[in-house]
Amino acid sequence: MSAKVDEFTVVGKAVKRIEGDRKVTGAMRYVDDLSLPGMLSGRLVTSIYAHAEIVSIDASAALQVPGVIAVYTGKDVHPSGPEPDNRTGHMLARDKVIYYGQAVAVVLGVNEAAAAEGAALVEVEYRQLPAVVDPLEAMKPDAPVIRKKANAGVWADGADHGAVVAGDDIDISRLPDNITNAVRFTRGDIEAGFAEADAIVERTYTTHWVHQSYIETHGSLAAPDALGNLTIYTTTQGQFGARNGTAGVLGIPQNKIKLVGMEVGGGFGGKGIMLEPLAGWCALRHNAPVKIIMTRSEELSMGNPAPGSVIDIKIGAKADGTITAIQSRMVFDSGCYPGTPVGIAAMMAGGYYKTPNLSLLGYEVLTNKPGNGAYRAPGAPQATFAIEQAVDELAGKLGIDPVAFRLHNCSVEGDPQPTGAPWPRIGLKEILETIKEHPLWKNRHEHGKAVGVAIGGWPGGVEPCAANIRVNTDGSMLLTLGSTDITGTNTVMAMIAAEVFGMPLEKVKVQTGDTDTAPYAGFSGGSKVTYTVGPAVQRAAEDARQQVMAIAASELEASPDDLEIVDGVCRVKGAPDREISIAAIAQKSMTFGGKYEPVYGIGKSAVTDRAPGFSGQIAAVSVDEDTGQVKIEQYVTVQDVGRQLNPAMVEGQVIGGTAQAIGWGLWESMHYADDGQLITSTLMDYNVPKSEQIPPIETVILEIPAPAGPFGAKGIGEPPIIPGAAAIANAVAAATGKRVTAMPLTAERVSNALHNGQG
Amino acid sequence: MAHKVSMTVNGVTRESEVEPRTLLVHHIREGLGLTGTHIGCDTSQCGACTIIMNGKAVKSCTVLAVQADGADIMTIEGLAKDGQLHPIQEGFWEEHGLQCGFCTPGMIMSAYDLLQRNASPSEAEIRHAIDGNLCRCTGYQHIVKSIQWAANKMASAPAGDD
């Protein structure tokens with residue numbers, strides 16, 4: 001049983017972010033803010049076709065531009081062997097381009113203006129090839145082939161987010177070349193399950209590519225150092241992964257690269273490794289610092305957006321509302337490199353509800369689009385858009401209240417997931433009970449608004465990590481982590497260290513060390529930083545505290561069990577005059593001729609028990625019958641967070657994630673023309689929600705503690721993006737009686753549903 | 001051909017030579033070394049580069065440096081006075097109006113512009129005023145609260161020269 005928040009001095013308080021002053025004064029440094037002596041700027045030359053052979057590249061005009069130093073192409077960076085088949089390794093296209101916006105050359109200049117001018121003058125001759133954009137077309141045996149079958153079954157971005165997937169093996173070698181992964185989960189007898197059903201819903205749902213749209217674009221600055229090693233300053237959520245990936249691509253040992261993770265100007269899963277290898281290659285080639293920053297258009301066209309999907313769902317239930325069978329075929333559009341979260345999608349679509357009969361089949365298909373990337377709860381929003389609409393419609397067919405229907409069927413602890421593994425303790429049922437009683441839902445017949453509900457979950461990520469703590473001779477503390485601070489995680493780690501050690505928060509400094517000095521931590525994603533780095537920090541603080549206590553016990557000639565730490569002082573309980581300050585203890589452990597080892601706390605964790613997080617959302621909408629425009633009238637997000645370590649930051653995460661869900665639901669999609677050209681290549685065309693578009697969001701936070709989480713906390717970042725689009729679609733159905741099965745629910749789609757029958 | 005320009009930036013006269021094509025945001029960041037003004041897009045949508053020019057919020061990517069010759073400019077670095085945060089800065093920190101922080105300087109500049117014109121804006125007025133500044137992290141709600149916090153603070157203790 002976890003202690004109550006009231007018992008804590010720091011944990012559970014809405015403290016301000018430790019780095020906030022630097023952010024409000026403009027003092028925070030992002031990678032593009034750095035400049036080094038002799039630094040060169042790189043600018044990319046990008047493809048105007050989605051699929052084409054590169055016939056020739058003429059850089060002569062570019063090289064005439066004053067200040068242009070060099071132009072490199074795929075032949076320079078990939079001189080031999082097959083063209084790389086993964087995004088990390090594929091620095092520049094060499095023989096053919098496989099998506100619109102792919103980099104084919106990099107121009108180095110003494111400044112950005114020179115490089116940009118040079119890039120505009122590089123002449124690339126292409127021989128256009130047929131492009132395949134629709135994943136259903138790309139699955140066909142006669143479709144244009146992105147790449148002959150290789151590298152199947154890579155789970156790069158799903159793995160980053162720490163999801164657990166398994167299932168039956170499917171031999172994909174006999175399937176068409178563009179199918180690079182397939183998963184299957186089965187349980188019971190699916191046909192018998194449908195035979196038992198009194199009502200069945202069967203539909204196809206479509207979701208489109210969505211960009212993470214962090215406001216800071218990707219960028220890296222690579223610089224050779226005095227020892228001939230490479231230092232890379234970059235914007236990444238996972239500095240060790242970015243270092244290892246770069247070392248692998250450049251063929252140099254990992255300890256020859258020091259990667260310095262700069263403040264990340266938004267990531268949402270999308271910032272792993274991108275320009276680091278190319279910047280590193282250029283820096284080594286010129287023995288000079290090289291900075292490459294993506295333009296927004298490059299970010300939209302060659303960044304790594306979330307994949308689109310086509311999801312068939314068939315679901316049946318008995319008249320009493322008991323689900324008898326769930327069947328789905330999910331096709332995830334991988335873009336030009338393998339690695340989609342289709343397995344996670346299947347686990348969510350088949351895992352929220354109990355069913356004796358289950359048949360899930362997922363395919364990942366290559367198309368002429370950029371490689372897809374992780375974006376907040378990868379795969380879950382897509383799956384949830386489908387299953388949560390289907391469930392809603394099925395409840396309607398049976399004449400059962402949709403929340404009651406969900407409560408009747410929802411998975412609880414011990415129920416099997418599609419993998420067969422039992423769900424651990426989850427908050428799904430409590431979320432539904434909260435929604436049931438919320439006035440926006442409960443009183444919907446009285447207030448007359450069109451209200452929709454949906455739920456969604458995330459399996460939770462885990463990864464081993466470590467942390468260390470030094471206590472300085474003035475009694476202050478330095479906590480060193482390897483995890484990138486996104487969403488304020490370093491603030492939370494400072495709070496945990498202060499709480500466990502008994503140190504005032506203002507005396508705790510937290511740093512994310514570079515990859516040479518930091519203890520290991522994985523990618524800051526998958527809602528796993530607080531959940532897994534938190535316990536490492538707890539242990540480091542306990543370790544440091546024990547060392548301090550041991551020194552104090554020796555100095556005070558007391559048993560460590562009789563000591564306490566109060567206000568930066570170690571004292572004997574009940575004898576306040578027998579005390580020694582933390583500062584004095586640290587001094588005694590770090591002084592010439594001292595007899596105590598320096599206070600140096602180490603904490604490690606390898607949490608393997610996952611703590612899935614769930615969110616439920618209630619959307620009230622109005623729909624303009626003439627235009628199809630959807631307006632959100634009121635919005636509620638209910639989320640189980642395990643334990644709020646910092647309520648203000650939890651609320652910020654939940655609201656921010658919900659806002660992204662609304663963006664997915666109503667406006668956002670990457671639009672590719674039939675030839676693969678990206679239409680939404682600027683923020684004029686791609687609709688990142690603005691302040692007047694996002695409604696006020698009411699949050700209801702539930703706390704069902706996670707046994708392995710620090711103070712019971714579980715991951716909070718992913719869940720709020722998951723059910724939003726489905727909740728909005730269900731609200732639109734409540735308002736109009738029409739189902740819109742494609743996301744986002746633009747005015748055009750809703751209007752089509754209203755006036756032409758189908759959205 | 002480089003052009004000589006002179007502008008007052010955060011109270012200091014800065015004389016420089018700029019190319020005709022240089023955008024004001026590039027001049028501020030690279031020429032003057034004030035990197036608190038950020039760049040988030042190529043098309044003047046994101047607002048991360050918002051500054052105060054001659055008393056009004058402008059997106060500094062829409063202005064050529066030569067057009068700012070003679071202008072009075074304030075960037076995020078010029079807002080705090082004598083080591084004291086401006087109430088808007090305090091508000092963003094107190095009310096968690098920031099997460100990744102990348103949009104924050106531009107957002108604060110737009111809020112400054114608003115509160116100069118309208119000391120007690122409604123929520124709708126605040127949302128309208130920052131509609132040209134994109135934030136992907138917060139969903140805007142805590143930003144609105146931050147600006148309300150600042151408006152309240154400025155009303156109860158009017159700042160001297162703001």
Side-chain angles (χ1 to χ4, degrees), chain A residues 14 16-17 19-30 32-35 111-113 212-217 263-268 293 295-299 486-488 648-649 651-660 662-663 682-684 686 688-694 696-697, chain B residues 19 21-22 26 29-30 33-48 75-77 79-80 85-86 88-106 108 123-124 126-144:
Chain A
K16 294 193 291 185
R17 294 169 70 114
E19 84 291 11
D21 54 343
R22 282 164 288 150
K23 287 180 173 172
V24 299
T25 55
M28 182 57 85
R29 290 284 171 263
Y30 302 84
D32 193 24
D33 301 337
L34 298 183
S35 184
N111 54 41
E112 198 185 348
Q212 298 86 348
S213 296
Y214 26 73
I215 309 300
E216 179 209 37
T217 60
E263 189 72 16
V264 176
F268 317 112
I293 304 291
T295 65
R296 177 59 59 178
S297 294
E298 288 166 355
E299 180 63 69
I486 58 166
T487 70
M649 296 201 326
E651 187 184 56
Q653 277 294 296
V654 172
I655 292 171
T658 302
Q660 292 186 2
I662 294 169
T682 73
L683 292 181
M684 282 189 286
Y686 185 85
V688 175
K690 300 175 181 66
S691 52
E692 291 186 288
Q693 291 179 292
I694 296 294
I697 294 157
Chain B
E19 291 186 50
R21 66 180 171 186
T22 303
H26 289 140
R29 287 177 53 81
E30 292 160 29
L34 296 168
T35 57
T37 301
H38 298 150
I39 300 172
C41 72
D42 330 319
T43 50
S44 297
Q45 254 69 43
C46 79
T75 69
I76 187 70
E77 290 91 346
L79 190 55
L85 294 181
H86 186 279
I88 301 173
Q89 294 173 308
E90 283 185 82
F92 272 72
W93 196 8
E94 290 285 343
E95 293 292 328
H96 290 260
L98 58 90
Q99 287 186 27
C100 84
F102 202 79
C103 76
T104 308
I108 287 175
E123 172 166 351
I126 291 172
R127 285 185 180 267
H128 184 67
I130 60 171
D131 204 48
N133 293 77
L134 295 178
C135 169
R136 190 58 152 171
C137 298
T138 64
Y140 302 102
Q141 199 155 321
H142 286 182
I143 291 176
V144 171

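Below, all heavy atoms of this structure are taken into account, side chains as well, without hydrogens, waters or symmetry copies. Chain A is the first sequence line, chain B the second, and so forth, proteins listed ahead of strands; every chain is numbered from 1.
By the 4.5 Å heavy-atom criterion applied to side chains, A:Ile655 and B:Thr138 are not counted as neighbours. Looking at B:Gln89 and B:Ile76, their side chains come closer than 4.5 Å, going by heavy atoms from C-beta outward. Side-chain contact between A:Ile697 and A:Ile662 is present, with heavy atoms from C-beta onward closer than 4.5 Å. Residues B:Leu134 and B:Cys103 are not in side-chain contact: their nearest non-hydrogen atoms beyond the backbone lie 4.5 Å or more apart.
A salt bridge links A:Glu19 with A:Arg17; the closest basic N to acidic carboxylate O contact falls under 4.0 Å. Comment: B:Arg29 engages A:Asp33 in a salt bridge, judged by a side-chain N to carboxylate O separation of less than 4.0 angstrom.
If you measure heavy-atom distances from A:Glu263 to chain B, the contacts under 4.5 Å come from the side chain alone. Neither the backbone nor the side chain of B:Glu90 comes within less than 4.5 Å of any heavy atom in chain A. The contact between A:Thr295 and chain B is made by backbone and side chain atoms together, counting heavy-atom distances below 4.5 Å. Residue A:Asn111 does not touch chain B at all, counting heavy-atom pairs closer than 4.5 Å. The contact between B:Phe102 and chain A is made by backbone and side chain atoms together, counting heavy-atom distances below 4.5 Å. Using a 4.5 Å cut-off between heavy atoms, B:Ile108 touches chain A through its side chain atoms alone. For A:Ile486, no part sits under 4.5 Å from any heavy atom of chain B, backbone or side chain. Heavy atoms closer than 4.5 Å to chain B are found in the backbone of A:Val264, but not in its side chain. Residue contact with chain A, scored on non-hydrogen atoms closer than 4.5 Å, involves the backbone and the side chain of B:Leu98 alike. Only the backbone of A:Gln212 comes within less than 4.5 Å of a heavy atom in chain B; its side chain stays farther off.
Most heavy-atom pairs under 4.5 Å with chain B, from the set A:Met28, A:Glu299, A:Arg296: that is A:Arg296. Interface check for chain A: of the options B:Thr22, B:Ile39, B:Thr37, B:Thr43, the most heavy-atom pairs under 4.5 Å are formed by B:Thr43. Ranked by heavy-atom pairs under 4.5 Å with chain B, the list A:Pro696, A:Ser35, A:Ala14, A:Gly488 is led by A:Pro696. Chain A forms more heavy-atom pairs under 4.5 Å with one residue of B:Gly139, B:Gly40, B:Gly36 than with any other, namely B:Gly40. Of the listed residues A:Gly663, A:Ala659, A:Ala27, A:Ser213, the one with more heavy-atom pairs under 4.5 angstrom with chain B than any other is A:Ser213. Annotation: maximal heavy-atom pairing with chain A below 4.5 Å, among B:Cys46, B:Cys41, B:Pro105, occurs at B:Cys41. When each of A:Ser691, A:Gly26, A:Gly656 is scored by its heavy-atom pairs under 4.5 Å with chain B, the top score falls to A:Ser691. When B:His26, B:Glu95, B:Gln99 are compared by the number of non-hydrogen pairs under 4.5 Å with chain A, B:Gln99 comes out ahead.
The structure places CD of A:Gln653 at 4.5 Å from OG1 of A:Thr487, a figure rounded to the nearest 0.5 Å.
Results of the side chain to side chain donor-acceptor pair (under 3.5 Å) test with A:Glu651 over B:Gln141, B:His142, B:His96 single out B:His142 as the only residue that passes.
Not a single salt bridge (Lys or Arg N to Asp or Glu O under 4.0 Å) links A:Arg22 to another residue, sequence neighbours left out.
Between A:Lys23 and A:Tyr30, the shortest heavy-atom distance links the atoms CE-OH, 3.9 Å.
Without hydrogens or angle criteria, A:Gln660 side chain to B:Arg136 main chain gives a donor-acceptor distance under 3.5 Å.
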